[in-house]
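These notes concern the structure reproduced below.
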2 protein chains.
Amino acid sequence: MDPRFLRTFVRVARLGSFSEAARELGYTQSAVSQHIAVLEADVGAVLLRRRPVAVTEAGARLLEHAEPILLRLDAARADVARVAAGPPSHLRIGATPLAVAFACELVAPALSVTVRVGARNEIARAVAVGELDHGVVDGVAAPSDPLRLPETGTPVAAFTEEPLAVAAPLDHPLSGHAIQMEVLVDARWIDAPGICAPLPELSALARADGFRAALTYEGSDVNGLLALVAAGHGLALLPERALDGRVAALPVIQPTLVHRTEWL
Amino acid sequence: MDPRFLRTFVRVARLGSFSEAARELGYTQSAVSQHIAVLEADVGAVLLRRRPVAVTEAGARLLEHAEPILLRLDAARADVARVAAGPPSHLRIGATPLAVAFACELVAPALSVTVRVGARNEIARAVAVGELDHGVVDGVAAPSDPLRLPETGTPVAAFTEEPLAVAAPLDHPLSGHAIQMEVLVDARWIDAPGICAPLPELSALARADGFRAALTYEGSDVNGLLALVAAGHGLALLPERALDGRVAALPVIQPTLVHRTEWL
DNA sequence: AATTATTACGTTCGACGTAATGATC
DNA sequence: GATCATTACGTCGAACGTAATAATT
C-alpha cells in the first residue's frame with residue numbers, strides 16, 4: 001500500500017477517470033492503470049468498476065482510510081520540517097471568520113504576518129500540512145468536547161468556550177428569553193455554513209432532526225448575516241458575543257452547547 | 001515516506017538499536033541503516049542520534065505520526081478484507097472487563113464464538129486491524145463525549161452512558177451521599193487501570209490534579225477490586241451498576257462524568 | 001576485541017513510459 | 001471511430017543482501 005498508489009486511487013475515485021487522474025498527477029494512463037492493478041492485487045479485492053469508473057464496496061472502505069492517511073503523512077512531513085526550520089520569521093496564520101479577532105491577538109505587532117480566513121477544516125488542514133504556522137478555529141460543541149477536526153495529530157494549544165445565542169429580529173416574540181433549541185426546530189433558519197455550525201451538524205449536536213434552512217447565506221461576513229436576521233429573514237445560531245444591538249439575543253440553555261474556539 | 005521505512009524507524013526508535021530492529025523485521029543491519037538514511041534524506045532532518053541510538057526532536061515528531069499512520073494502514077487493509085470476506089462464520093469478539101457482559105449479549109447463541117478480554121486500546125486496535133470482528137469497550141468520559149480511542153476510523157455502532165459512583169467501604173463517612181470528585185482528590189485511591197479509568201486520565205477529565213494512587217491493582221477482576229475497597233484499602237471509581245452490597249456507593253455528581261460503553 | 005552502524009557494490013525487482021491491443025460509448 | 005482502460009515490453013532506479021570499513025564500548 002504505497003502512499004503514491006493510494007494517492008492515485010483517491011484521485012481516480014474522485015474524478016471517475018483513469019486518464020483524468022493521470023493528467024492531473026503527471027502520469028501516463030498506463031501508470032495509473034498499473035497503480036490500481038497493484039493496489040487491487042495487494043488488498044485482494046476489486047476496488048473500482050470500470051466503464052464507467054465507480055468505486056466498489058471494498059473501494060469505498062479503502063477510500064475512507066486513504067484520505068486521512070495521506071493527510072497524516074503530509075502532517076508528519078510538515079511537523080519534522082517545523083522543528084528543522086526553527087521559528088519562522090514570517091508568520092502565516094489562519095482563522096475562521098468568527099475567530100479572526102482572536103487570531104490577531106496572537107500576533108506580536110512587529111512581526112511580518114499573513115492571515116488567511118477560511119472554513120474550519122480547511123484551516124485545520126493547512127496548519128497540519130505546514131501551509132500555516134498557526135490557526136484559530138471555532139465551532140459549536142458540547143461543553144469540554146473538542147471540535148471535530150480532521151485527524152492530523154495537531155494538538156490544541158488552548159481553547160475558550162462561550163455561551164451561544166439565537167439571533168432573532170428585535171420584535172421576535174421570544175426576544176430576550178433563554179430558550180431550548182427544540183422550541184425552534186421548525187422556525188425559519190438561516191444556514192450560514194461559512195460562519196457557524198451548518199444546520200445538519202447542528203441537528204446532530206442537538207439530537208433533534210428537522211432544522212431546515214429557509215435561506216442559505218454563502219458569505220462569511222457576520223454583519224451581513226446579522227442584517228439578514230434583523231430584517232426578519234430568519235434565525236441564526238451564533239456566539240452571544242457576536243451579536244449586537246440590531247438583533248435580539250435568545251440565549252440557548254438546552255441542549256447544553258457552547259461556542260468553542262481552539263488555537264492550533 | 002514509504003510505510004516500510006516508517007515501520008523500521010518505529011522499531012529502531014523503540015528498540016534503540018539498528019541490529020535488534022533488523023533481526024525482528026527480518027532485514028539485514030545494512031537494510032535498516034539504509035531505510036533510516038533514506039527517510040532522513042526524504043524529510044531533510046536527522047531523526048536518530050547514533051551510539052547510543054536515540055530519537056532527535058525531529059524524530060520524536062515523526063514518531064508521533066508514524067504509529068497512527070501504520071495503524072490506519074492496517075485498518076484500511078482489514079476493512080477491505082472484511083467486505084471481501086463477507087460475514088464470518090466464526091465470530092471473534094473482544095471486550096474490556098466491565099463490558100464483557102454486554103459483549104456476550106451480542107452473540108447469537110448458536111454461533112461459534114471466541115471472546116478476548118483486554119485493555120481498551122488493545123481491543124480497539126484489534127478490531128481495527130481485523131483480529132477481532134467486534135469489540136465492546138468502556139471508559140469514563142464527559143456526557144455525549146466519545147471515548148478517546150486510537151484513531152482508526154472504526155465507527156461506533158452504538159453506545160450507552162451510565163452514572164458513575166465511587167466505591168467506598170460500607171462505613172465510609174460519606175456513604176450514600178452524592179459527591180463532588182474534588183472532595184476526594186486527596187483520598188486514598190486504588191488505581192485499577194485494567195478495569196476503569198486510570199487515575200492520570202481521571203485527573204485530566206476532572207480537571208483537578210492530584211488523584212494519587214495509594215495502591216495499584218493490576219488485575220482485571222472487579223470482584224477483587226471491590227473486595228479491596230470493602231476491606232478499606234482505598235476508593236475506586238466505577239459504574240454504579242458494577243457495585244454490589246459489599247461496598248458503599250457514592251454517586252458522582254460533579255464534574256459531570258459518565259461511564260460510557262461503546263460497541264465497535 | 002567485540003559489538004554496532006555505515007559504505008561500497010552487485011543483483012534483482014519493480015515503477016514507469018512507449019506502444020500496441022482490447023473494450024465501450 | 002473516438003475515447004478510454006489494459007497488456008506487453010524495455011529501461012532505469014531503487015531496495016536489498018553481501019562484504020568490507022569505520023566508530024564506540
Side-chain angles (χ1 to χ4, degrees), chain A residues 1-60 62-63 66 69-70 73-74 76-77 80, chain B residues 1-60 62-63 66 69-70 73-74 76-77 80:
Chain A
M1 296 224 297
D2 190 313
R4 287 175 298 172
F5 298 166
L6 286 180
R7 203 168 55 112
T8 92
F9 171 64
V10 169
R11 237 5 186 286
V12 171
R14 272 214 297 259
L15 295 172
S17 158
F18 283 55
S19 342
E20 269 296 303
R23 253 187 298 280
E24 291 200 3
L25 294 170
Y27 289 122
T28 58
Q29 286 187 19
S30 165
V32 170
S33 182
Q34 290 174 56
H35 283 191
I36 304 299
V38 170
L39 210 50
E40 290 184 327
D42 182 13
V43 303
V46 179
L47 298 171
L48 295 166
R49 249 183 294 280
R50 327 293 158 99
R51 285 185 242 269
V53 172
V55 295
T56 62
E57 174 65 20
L62 181 58
L63 206 54
I69 289 170
L70 293 172
L73 279 164
D74 289 341
R77 169 167 281 112
V80 320
Chain B
M1 297 224 294
D2 190 312
R4 287 175 299 171
F5 298 166
L6 287 180
R7 203 167 56 112
T8 91
F9 171 64
V10 169
R11 242 358 191 288
V12 170
R14 272 214 297 261
L15 294 171
S17 159
F18 283 53
S19 343
E20 269 296 302
R23 254 188 297 282
E24 290 200 3
L25 294 170
Y27 288 122
T28 59
Q29 286 186 16
S30 166
V32 170
S33 181
Q34 291 175 54
H35 283 190
I36 303 300
V38 170
L39 210 50
E40 289 183 329
D42 182 12
V43 303
V46 178
L47 299 171
L48 296 167
R49 249 183 295 279
R50 327 293 158 100
R51 288 186 242 266
V53 173
V55 294
T56 62
E57 173 64 20
L62 182 58
L63 206 53
I69 288 169
L70 293 171
L73 279 164
D74 289 342
R77 169 168 279 112
V80 321

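Scope of the values below: all heavy atoms of this structure, side chains included, with no hydrogens, waters or symmetry mates. Here the structure is a predicted model, which means the values were calculated and not measured. Residue numbering restarts at 1 for every chain, and letters A, B, ... go by the order of the sequence lines.
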When you measure from the side-chain N and O atoms of [X] to the phosphate of [N], is any distance below 4.0 Å, counting only OP1 and OP2?
X: S30(A); N: dT6(D); answer: no
X: Y27(B); N: dG17(D); answer: no
X: S33(A); N: dT6(D); answer: yes

Taking all heavy atoms of M1(A) and all of L62(A), pick out the closest pair and write down the distance.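 Heavy atoms of M1(A) and L62(A) come nearest at SD-CD1, 4.3 Å.
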Which atom names give the shortest non-hydrogen contact between V55(B) and R49(B), and what distance separates them?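 Minimum heavy-atom contact is O-NH2, 4.1 Å.
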Grab the [atom1]-[atom2] distance between [X] and [N] for me, whole Å please.
X: Q29(A); N: dA19(C); atom1: CD; atom2: P; answer: 14 Å
X: L6(A); N: dA15(C); atom1: CG; atom2: C1'; answer: 16 Å
X: F18(B); N: dT4(C); atom1: CZ; atom2: P; answer: 13 Å
X: L48(B); N: dA23(D); atom1: CG; atom2: P; answer: 19 Å
X: H35(B); N: dA14(D); atom1: NE2; atom2: C1'; answer: 11 Å
X: L47(A); N: dA5(D); atom1: CG; atom2: P; answer: 15 Å
X: L25(A); N: dG17(C); atom1: CG; atom2: P; answer: 11 Å
X: E40(B); N: dA5(C); atom1: CD; atom2: P; answer: 13 Å

Heavy-atom side-chain proximity of D42(A) to R77(B) below 4.5 angstrom: yes
Residue whose nearest DNA chain C nucleotide is more 5′ - S17(B) or P52(A):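 Whichever sits nearer the 5' end wins; that is S17(B).
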Of all the nucleotides listed (dA15(D), dT6(C), dA5(D)), which has the minimum atom distance to the side chain of R50(B)?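 Nucleotide nearest to R50(B)'s side chain: dT6(C).
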What's the closest nucleotide to the side chain of V38(A) if the choices are dA15(D), dG17(C), dA15(C)?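 Comparing dA15(D), dG17(C), dA15(C) against the side chain of V38(A), the answer is dA15(C).
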Below 30° counts as parallel, above 60° as perpendicular, anything between as tilted: where do the rings of F5(A) and H35(A) land?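 Plane angle between 30° and 60°, so tilted.
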Sugar-phosphate only, base, or nothing, as touched by [X] at under 4.0 Å among non-hydrogen atoms:
X: T28(B); result: base
X: V53(A); result: sugar-phosphate
X: G16(A); result: nothing

Main-chain N/O of S19(B) paired to Q29(B) side chain as donor or acceptor, under 3.5 Å: no
